[in-house]
Amino acid sequence: RQRWRADGRALRKLPVHVGLVVTEEEPSYADMASLVVWCMAVGISYVSVYDHNGIFKRNNSRLMEEILKQQQELIGLDCSKYTMEFANQDKTGQVLNCQSTLKVLSPEDGKADIVKAAQNFCQLVAQQQRTHTDLDVNVLDNLLSSTNGFPDPDLVLKFGPVDSTLGFLPWHIRLTEIISLPSHLNISYEEFFSALHHYATCEQRWGK
């Protein structure tokens with residue numbers, strides 16, 4: 001655990017929010033749990049887990065159990081407890097953590113959430129609580145429910161052969177660095193940290 005924390009401190013920059021996007025058809029709970037725990041261990045504050053079929057979100061209790069198991073095995077029992085959040089759901093559970101917050105997302109938290117936010121804004125205009133000129137980036141951000149309290153992702157690690165994020169938070173990844181990896185299956189910590197190192201050394205031009 002001390003090695004992982006030291007690795008995080010050694011990077012020139014560490015992402016605040018990492019999205020873990022699986023484009024493969026058969027996601028692995030154990031391998032995804034490893035990735036989440038490694039994110040926590042190096043000091044990443046926010047983690048989003050996403051697969052385009054919504055398998056992780058529908059089976060969030062199974063993923064949560066695997067994360068708990070691996071936290072205890074890999075990090076130990078000396079971390080404080082925190083609330084594991086599931087986007088657009090009321091379910092919460094206590095998980096051992098190193099000051100990180102996790103959300104499990106599915107396609108309904110992407111384009112569908114934008115549509116819902118637009119409908120809510122139109123309703124506010126119809127009720128004369130807003131005018132159409134009030135709509136800007138910050139207003140839309142506040143209307144989106146799937147990432148409430150989360151900053152936009154600094155980094156997305158995309159796993160699988162598909163050259164697409166398949167609907168992962170389309171509004172929020174305008175300036176996100178995306179790194180593609182062949183698969184999340186049997187992924188090693190070295191492969192994970194190599195991706196973080198690549199992010200830390202890349203020059204981000206912010207669309208310029």
Using a 6.0 Å distance limit plus a 45 degree cone around the ring axis, check whether Lys103 lies over the aromatic ring of Tyr46. no
Counting heavy atoms not belonging to Glu190, are there more than 12 under 6.0 Å from its CD? yes
From Leu166 atom CG to Lys158 atom NZ, the distance as rounded to the nearest 0.5 Å: 8.0 Å
Centre-to-centre under 6.0 Å for Tyr189 and Trp4, is that the case here? yes
Determine the interplanar angle of the Tyr50 and Phe168 rings, folded into 0 to 90°, and report it as parallel if under 30°, tilted if 30 to 60°, perpendicular if over 60°. perpendicular
What residues, two or more places apart in sequence or in another chain, satisfy side-chain hydrogen bond (donor to acceptor under 3.5 Å, both in side chains) together with Glu65? none
Relative to the ring of Phe159, is the ring of His184 parallel (under 30°), tilted (30 to 60°) or perpendicular (over 60°)? tilted
So does Glu26 have more than 12 non-hydrogen atoms from other groups sitting under 6.0 Å from CD? no
Shared ILVMFWY cluster between Val49 and Ile55, side chains joined below 4.5 angstrom? yes
Taking atom CZ of Arg174 as the centre, report whether more than 12 heavy atoms of other residues, nucleotides or ligands fall under 6.0 Å from it. yes
Value for CD1 (Ile187) from CH2 (Trp38), rounded to nearest 0.5 Å, stands at 6.0 Å
What is the minimum heavy-atom distance between Thr176 and Pro153, and which atoms define it? OG1-O, 2.7 Å
Would you say the side-chain atoms of Asn59 pair up with the backbone N or O of Arg62, donor to acceptor, closer than 3.5 Å? no
Considering residues at least two apart in sequence or located in another chain, which fulfil the side-chain hydrogen bond (donor to acceptor under 3.5 Å, both in side chains) criterion with Thr133? Thr131
Counting C-beta onward and ignoring hydrogens, is there a side-chain heavy-atom pair between Ile179 and Leu155 closer than 4.5 Å? yes
Side-chain contact test, heavy atoms from C-beta onward, threshold under 4.5 Å: evaluate it for Asp152 versus Ile173 and give yes or no. no
Quick check for you: to the nearest 0.5 Å, what is the distance between Cys202 atom SG and Arg12 atom CZ? 8.0 Å
Sub-4.5 Å side-chain heavy-atom contact between Asn53 and Glu25: yes
